[in-house]
Amino acid sequence: MDTKAVRGKAAVDFKYIIFEKSEGVATITLNRPEALNAFTKEVVEEIIYALEDVRADENVRVVVLTGAGEKAFSAGADIKAMAGMTALKARELSLMGEKLCLAFENLEKPVIAALNGYALGGGLEVAMSCDLRVASESARMGQTEINIGLIPGWGGTQRLTRLIGREKAKELVFTGRMIDANTAEQLGIINVVAPAGKFKETVRQVALELASKAPVAIRVAKALINKGADIGLNSAVALEREGFSVVASTEDLKEGVSAFTEKRKPVFKGK
Ligand code: CAA
């Protein structure tokens with residue numbers, strides 16, 4: 001298993017994340033379990049670096065983002081670093097999270113947030129910028145910023161609202177309440193809740209399923225779904241038409257059609 005990111009000739013050992021690649025799946029593990037994997041500037045820098053490696057490596061088809069330890073995916077932005085924070089520092093913190101969330105949202109490969117425990121504040125906001133969310137049955141999540149006199153600053157007021165609607169988003173943001181994985185699934189925040197003891201296996205299954213699909217088709221579908229949410233229906237449908245034509249020109253479509261006719265599993269190459 002490859003545990004280093006390679007940019008040019010330099011191999012990089014990470015300090016705050018673990019970066020592994022196997023069977024087309026790159027896994028980024030937030031690795032500050034003593035602080036419930038709270039995000040710092042250093043953690044964010046390392047993730048952005050790892051994503052550059054993922055972008056350049058055509059063998060990587062899917063990214064999984066998860067947290068080290070049993071307790072947390074991430075408890076959000078580092079609260080201890082907020083002592084005495086000025087408005088300008090807060091703005092920088094917000095921009096940093098925005099950059100991180102957009103790096104996942106704009107990555108041309110699917111990203112699965114694997115919520116192994118608490119996903120709070122910025123932790124939930126980062127998870128919502130991923131494409132799919134798989135949670136362990138014991139995971140708990142919430143936009144808890146209000147409890148320390150703050151509001152979500154990494155897109156939470158917007159992505160949560162788009163996911164579950166204004167009424168439920170207001171309820172969660174105003175109360176700072178934590179909800180369990182099953183409630184989050186019912187609300188539409190979580191795609192899959194893994195049964196007890198089967199979390200890693202479930203995440204792997206979802207990742208390998210996505211890794212087996214045609215990469216260009218997934219890339220174009222992701223862009224269309226994300227960009228389409230920001231524009232009117234007519235323009236979005238026109239964009240889909242162009243995307244559809246691009247995907248139709250891939251070798252993978254020929255392979256998919258041949259495999260269907262020959263009654264076998266397709267092998268997609270991302271070409
Ligand atoms: N930042 C920094 N350190 C954190 C942290 C955070 N967000 N969350 C937990 N920790 C640290 C704790 O301080 C503690 O460290 P020490 O042992 O050195 O004191 C360690 O992680 C373990 O945490 P607890 O002892 O608190 O564990 P617990 O089981 O009693 O409670 C918890 C767990 C309910 C998740 C609690 O830690 C908690 O409420 N954390 C804060 C969650 C939160 O409000 N997150 C939002 C942050 S603000 C934000 O993210 C803004 C934004 O939009 C970007």
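Computed from a prediction, not measured in an experiment: that's the story for all the values here. One-based numbering, in listed order, for ligands and for the atoms of each.
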Student: Among all protein heavy atoms, pick the one closest to atom 16 (P) of ligand 1 and tell me residue, atom and distance.
Tutor: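 In this structure, atom 16 (P) of ligand 1 has Lys80 NZ, 3.6 Å as its nearest protein heavy atom.
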
Student: Using protein heavy atoms only, decide if any is under 4.0 Å from atom 36 (C) of ligand 1.
Tutor: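 False for atom 36 (C) of ligand 1.
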
Student: Might you confirm whether atom NZ of Lys227 has over 12 heavy atoms from other residues, nucleotides or ligands at distances under 6.0 Å?
Tutor: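 No, the 6.0 Å shell around NZ holds no more than 12 heavy atoms from other groups.
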
Student: If we count only non-hydrogen protein atoms and require a distance under 4.0 Å, does atom 24 (P) of ligand 1 qualify as touching the protein?
Tutor: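 Not a single protein heavy atom is under 4.0 Å away.
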
Student: List the atom of Arg159, the atom of Met128, and the distance in Å for their closest heavy-atom pair.
Tutor: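 Looks like CD-O, 3.8 Å.
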
Student: Please state which part of Ala77 comes within less than 4.0 Å of ligand 1, counting heavy atoms only: side chain, backbone, both or neither.
Tutor: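 Both backbone and side chain of Ala77 come within 4.0 Å of ligand 1.
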
Student: Mark yes when over 12 heavy atoms from residues, nucleotides or ligands other than Glu42 sit less than 6.0 Å from its CD; otherwise mark no.
Tutor: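 Buried by this count: over 12 neighbours within 6.0 Å.
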
Student: Tell me the protein heavy atom at minimum distance from atom 22 (C) of ligand 1, and give that distance in Å.
Tutor: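 Closest protein heavy atom to atom 22 (C) of ligand 1: Leu36 CG, 3.9 Å.
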
Student: So is Gly97 close enough to ligand 1, meaning a heavy atom under 4.0 angstrom away?
Tutor: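 The answer is no: ligand 1 sits nowhere under 4.0 Å from a heavy atom of Gly97.
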
Student: Which bit of Met82 is near ligand 1, meaning a heavy atom under 4.0 Å away: side chain, backbone, both or neither?
Tutor: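 The answer is the side chain.
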
Student: Can you name the closest pair of heavy atoms from Val111 and Lys222 and give their distance?
Tutor: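 Heavy atoms of Val111 and Lys222 come nearest at CG2-NZ, 4.0 Å.
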
Student: What is the nearest protein non-hydrogen atom to atom 4 (C) of ligand 1, stated with its residue, atom name and distance?
Tutor: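 Here the nearest protein heavy atom works out to Ala35 O, 3.8 Å.
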
Student: Under 4.0 Å from a heavy atom of Gly153: which atoms of ligand 1 are those, numbered in the order shown and with their elements?
Tutor: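 So the atoms of ligand 1 that pass are 52 (C), 53 (O).
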
Student: Distance to 0.1 Å, residue and atom name: give those for the protein heavy atom nearest to atom 28 (P) of ligand 1.
Tutor: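 Nearest protein contact, heavy atoms only, for atom 28 (P) of ligand 1 is Lys71 NZ, 3.7 Å.
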
Student: Of all the non-hydrogen atoms in the protein, which one sits nearest to atom 42 (C) of ligand 1, and at what distance?
Tutor: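 Of every protein heavy atom, Ala75 O, 3.6 Å lies nearest to atom 42 (C) of ligand 1.
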
Student: Salt bridge or not for Arg55 and Glu52, using N-O below 4.0 Å?
Tutor: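 Answer for the salt bridge query: no.
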
Student: Would you give the length of the straight line joining atom CG of Leu160 to atom CD of Glu125, rounded to the nearest 0.5 angstrom?
Tutor: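 It comes to 9.0 Å.
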
Student: If I compare all heavy atoms of Gly122 with all of Phe39, which pair ends up nearest, and what's the gap?
Tutor: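 In this case the closest contact between Gly122 and Phe39 is O-CE1, 4.1 Å.
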
Student: Numbering the atoms of ligand 1 from 1, which are under 4.0 Å from a heavy atom of Gly121?
Tutor: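 Here the atoms of ligand 1 in question are 46 (C), 50 (O).
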
Student: What distance do Phe14 atom CZ and Tyr49 atom OH have between them, rounded to the nearest 0.5 Å?
Tutor: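 Rounded to the nearest 0.5 Å, the CZ-OH separation comes out at 7.0 Å.
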
Student: For Leu120, take its heavy atoms, then give the atoms of ligand 1 lying under 4.0 Å from any of them.
Tutor: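 Those of ligand 1 that fall under 4.0 Å from Leu120 are 35 (C), 42 (C).
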
Student: Which atoms from ligand 1 have a heavy atom of Asp78 less than 4.0 Å away?
Tutor: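 Under 4.0 Å from Asp78, ligand 1 has these atoms: 1 (N), 2 (C).
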
Student: Which atoms of ligand 1 have any heavy atom of Ala38 under 4.0 Å away?
Tutor: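 By the 4.0 Å cutoff, the relevant atoms are 1 (N), 2 (C), 6 (C).
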
Student: Protein heavy-atom contact under 4.0 Å for atom 39 (O) of ligand 1?
Tutor: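 No, there is none.
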
Student: Mark up the atoms of ligand 1 that fall under 4.0 Å of a heavy atom belonging to Pro152, in ascending order.
Tutor: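 Listed by number with element: 53 (O).
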
Student: Run the salt bridge (Lys or Arg N to Asp or Glu O under 4.0 Å) check on Arg264 and Glu255 step by step: do they pass?
Tutor: CA-CA 10 Å; Arg264 62 173 173 83; Glu255 164 64 6; 2.8 Å; yes

Student: Distance under 4.0 Å to a non-hydrogen atom of Glu125: what atoms of ligand 1 satisfy this?
Tutor: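 Checking each atom against Glu125, I get 52 (C), 53 (O), 54 (C).
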
Student: Using 4.0 Å as the upper bound for N to carboxylate O, is an ion pair formed by Glu23 and Arg204?
Tutor: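 Between Glu23 and Arg204 there is a salt bridge, with a charged N closer than 4.0 Å to a carboxylate O.
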
Student: Please state which protein non-hydrogen atom is closest to atom 17 (O) of ligand 1 and give its distance, to 0.1 Å?
Tutor: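 Checked against all protein heavy atoms, atom 17 (O) of ligand 1 sits closest to Glu34 O, 4.8 Å.
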
Student: Give the atoms of ligand 1, by number and element, whose distance to some non-hydrogen atom of Gly76 is under 4.0 Å.
Tutor: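 In order of numbering, the contacting atoms are 50 (O).
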
Student: Give me the nearest non-hydrogen protein atom to atom 34 (C) of ligand 1 as residue plus atom name, then the distance to 0.1 Å.
Tutor: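 Ranking protein heavy atoms by distance from atom 34 (C) of ligand 1, first comes Met178 CE, 3.7 Å.
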
Student: What are the two closest non-hydrogen atoms of Ala68 and Pro33, and how far apart are they?
Tutor: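 Heavy atoms only, the tightest pair is O-CB, 3.9 Å.
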
Student: Are the side chain of Asn191 and the backbone N or O of Arg133 linked by a donor-acceptor pair below 3.5 Å?
Tutor: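 Yes, the answer is positive, given that a donor and an acceptor are paired below the 3.5 Å cut-off.
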
Student: Are Val62 and Phe199 connected, step by step, through hydrophobic side chains (Ile, Leu, Val, Met, Phe, Trp, Tyr) whose heavy atoms are closer than 4.5 Å?
Tutor: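 Shared cluster, yes.
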
Student: Tell me which protein heavy atom sits closest to atom 1 (N) of ligand 1, plus the residue, atom name and distance to 0.1 Å.
Tutor: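 Here the nearest protein heavy atom works out to Ile79 N, 2.9 Å.
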
